[in-house]
Amino acid sequence: MRLAVALLAAALTACSVGPTEPTRITPREAAAPSPPEASDVSVPPTTSAANPPSCDATASLRPAAVQPAAGQMPAGSTMAKIAARGRLIAGVDQNTYLMGFRNSFTGEIEGFDVDLARRLAQAIFGDPSKVQFKIVTSAGRIPALKNGDVDVVVRTMTITCSRLTDVDFSAVYYQAGQRVLVRRNSGVTGVESLRGKKVCATSGSTSLANVTARGANAVSVPNWTDCLVMLQQIQVDAISTDDTILAGLAAQDPYTEVVGDRFTEEPYGIAVPKGQEDLVRFANGVLEEMRRDGSWVALYQRWLGPLGPAPSPPVARYRD
Amino acid sequence: MLRRVTGLARSTPGRLSLIALLLIAASFIAGSLTAMSVINRAAALEELATRSEPLAHAAQEVYRSLQDADAAAASAFLSGGLEPVDLRARYETDIAQAQAALSRATASHPELTATLASQLPVYTGLIETARTNNRQGFPVGAAYLREASGMMRNQLLPAAQELYRAESDGVAQAQDRAARFPVSEVLLGLLALVALGLAQAYLTRRTNRLLNVGLLVATGAAFVSLVWVTLSAVIVINDVGDSRSGGSSRVGVLVDARIATLTARSDETLTLVARGSGQNYEKSYVEVSEKLEGLLGQARKIAPSAEVDSASRHFMDWQATHQRIREADDAGQYNEAVALIAEPSFDELDADLVRAIGLARQGFSGEIAAARGALVGTAVGVLALALVSAVGSSMGLWQRLKEYR
């Protein structure tokens, strides 16, 4: 009898339904957005790194003894063609705060580079508003000049020997240098601590080549603000480029800081399609005027005041 | 058992009883199988009307509202300054609509909707970050907008498109199920008739009486049942065919046209936002609007209506406006170009397509309702006729069996 009860009990236990595994909710992989066209750069861009042609890059062409007055461009000159069209077409940026950016309230493009382009229009037409801005990305600057989409590019463009094979440059209008932007308290003190870290730069920029040359894992994007997005979203550890651009990015996010010393020299020039020497000389004449009449300093104070007191304008060098 | 049956089959009364049993079984089997398949057909129609089509519409609505939300966000950015109240309201309505449509579509394809459900909040978060930065005058706002828009184009919209394809396939499959020709039902009905005919011939031979009333009634009932099932099936097949040509395929073309319209709009806006570096968007605009022209032409052919004609006219107007926008922008008159984007032809085209889609959906549900009407009472009728057939054959044979007592 006892045996039967025990057997029955055993049979009942065996038949009874065991506890089911508690259900778990497993999330899908969290969506991590990244800027369109962002890509990791494993191989340094070869354009400037592989045997850079050596040259005296910053020596430009001397302006004419008498600068043509506004509205009276010499017949047959590049400026006369621009004057006949009725507007200067300038390639600028709308994403680099303080240098060339879109004022989100008015929708207008503003900044140091943009005012410089307006000054060029003023010199040709006597009217600073006779300029059409076309937005170009870092990588799109040289193609835009080669295709004739724009007359000039005024967009934080460093004068380099390899670029001089494709386009011509004015004299230096601003002397920038590359530094590093990081989140505050990140422990990064400068370019020397970037080795193995993820660093953002725009594609086609000299900064990108400089960063990869120093052993960082570079990420390239079309615009500098895309880099700030990636820094804020903790997808990169640092941004490295010219101090002017970094100052503009830091001004948009108080939780970032610029660290370390300048580790490159980045002389900015106005880029002109190859072979238009008259336009280069004319632009250099305008820059001479700006240095003389104090408008360069005024321009600096208006846009780059946060960087510190205005230095003296870069001294023009000419190869004649 | 087998011996008893064979023994029974040797005597005439035994044979008669066996025939009666066989006929009763045949009537009931044919009747219940036929009724079952009629019920299945009715269920397929009900699913079309109450599930597949509404789900396909919900999926279409997910795609449309997401696409429209992205275009509204880009337009609000383009206008500069404080964003226009109507564009902000449009964006908010679109997001609410997308979420409502998404929660409805989740029922059928949880895997496909999971992508959308997990990424939509991330998208809206990016848009709000873009707004916050914009309001402080920081250009990084535009970068957040680009990131959001890229996410929309590369992830959310493809997922929504896949969902729409899956749901429209569901409609097509339900249509196929509902419009299947009833081969087995007709065969079963014919078999029952043949069995009844053979029984009648056997009786005539054995008893020398020409007609047996019970069997005659049974044969009549089986015949009526067969004709009823065949006719109702033909009507349903015809209606479902019409629901395809006059409903779902029209809806398909019109929905594709509307999606193309919204894609082209967002390309047009983003070209202006990019301000000179938007050649890719303009290229996509040209491609998409060529496709849109083709779709509208197709819609005129398969779904001619005043709405579609009006849509074609407004499409031409919009193309002309776009031409002017491009000319103004290329000539350096950026502000004029931006002002032109508010021209009403795009909104009118969209409204025309909404009306045309509504009409085509009505056509669809009308045909499905007619098809469902054709099946009303069929299952019950078929069963009742099977009963009549069974009772008729047993009564007819019982009459003969009595003579052997």
Side-chain angles (χ1 to χ4, degrees), chain A residues 27-38 85-111 130-137 139-140 144 149-150 221-233 248-249 251-253, chain B residues 76-83 111 114-123 125-126 129-156 159 270 272-280 328-335 338-339:
Chain A
R28 300 169 72 81
E29 203 175 316
S34 65
E37 295 171 58
R85 186 202 294 135
R87 64 182 195 279
L88 172 74
I89 303 179
V92 295
D93 194 359
Q94 65 173 350
N95 288 297
T96 304
Y97 200 40
L98 307 180
M99 295 304 284
F101 66 101
R102 180 180 179 275
N103 178 323
S104 56
F105 194 78
T106 60
E108 298 292 332
I109 309 283
E110 297 178 351
K130 293 211 163 157
V131 55
Q132 173 190 355
F133 295 114
K134 276 202 176 165
I135 306 305
V136 289
T137 57
D149 295 339
V150 294
V221 290
N223 295 292
W224 288 112
T225 40
D226 296 330
C227 278
L228 184 57
V229 168
M230 292 191 89
L231 189 72
Q232 290 180 344
Q233 292 177 338
L249 294 178
Q252 301 177 60
D253 184 350
Chain B
F77 170 82
L78 189 62
S79 59
L82 287 172
E83 59 196 343
E111 264 310 300
T115 313
L116 290 161
S118 66
Q119 295 193 349
L120 187 53
V122 180
Y123 171 82
L126 291 175
T129 312
R131 270 181 92 215
T132 311
N133 278 293
N134 246 352
R135 295 199 96 154
Q136 297 174 78
F138 295 153
V140 73
Y144 274 100
L145 189 76
R146 278 197 300 276
E147 189 176 62
S149 200
M151 184 177 180
M152 178 61 83
R153 283 170 168 250
N154 299 329
Q155 290 167 40
L156 281 156
L270 289 172
L272 286 178
V273 170
R275 208 168 176 165
S277 54
Q279 289 82 0
N280 286 343
D329 190 23
D330 293 341
Q333 294 160 326
Y334 181 73
N335 293 335
V338 171

For chain B, the option from [options] that forms the most heavy-atom pairs under 4.5 Å:
options: A/E108, A/Q94, A/E37; answer: A/Q94
options: A/T96, A/L249, A/N223; answer: A/N223
options: A/R87, A/Q232, A/K134, A/R85; answer: A/R87
options: A/G107, A/S34, A/G140; answer: A/S34

Heavy-atom pairs under 4.5 Å with chain A, option from [options] with the top count:
options: B/T115, B/T129, B/L82, B/D329; answer: B/T115
options: B/G141, B/A143, B/A148; answer: B/A143
options: B/A331, B/A142, B/A274; answer: B/A331

Minimum heavy-atom separation for [X] and [Y], please, with both atom names.
X: A/Y97; Y: B/G137; answer: CE1-O, 3.7 Å
X: A/R102; Y: B/F77; answer: NH2-O, 3.0 Å
X: A/Q233; Y: B/L126; answer: NE2-CD2, 3.3 Å
X: B/G150; Y: A/P36; answer: CA-CG, 4.3 Å

Using non-hydrogen atoms only, which part of [X] is less than 4.5 Å away from chain B: side chain, backbone, both, or neither?
X: A/D226; result: both
X: A/A38; result: neither
X: A/I109; result: both

Worksheet item: At a heavy-atom separation under 4.5 Å, does B/E83 approach chain A through its side chain, its backbone, both, or neither?
Response: neither
Worksheet item: Of the backbone (N, CA, C, O) and the side chain (C-beta and beyond), which part of B/Y123 lies under 4.5 Å from a heavy atom of chain A, both, or neither?
Response: neither
Fill in: Heavy-atom check, side chain of B/E147 versus side chain of A/T225, under 4.5 Å
no
Worksheet entry | side chain to side chain contact (heavy atoms under 4.5 Å, CB included) assessment of B/R146 paired with A/V221 | CA-CA 12 Å; B/R146 278 197 300 276; A/V221 290; over 6 Å; no
Discussion item. If you apply the rule side chain to side chain contact (heavy atoms under 4.5 Å, CB included), what do you find for B/R275 with A/V92, and how did you get there?
Written reply: CA-CA 10 Å; B/R275 208 168 176 165; A/V92 295; over 6 Å; no
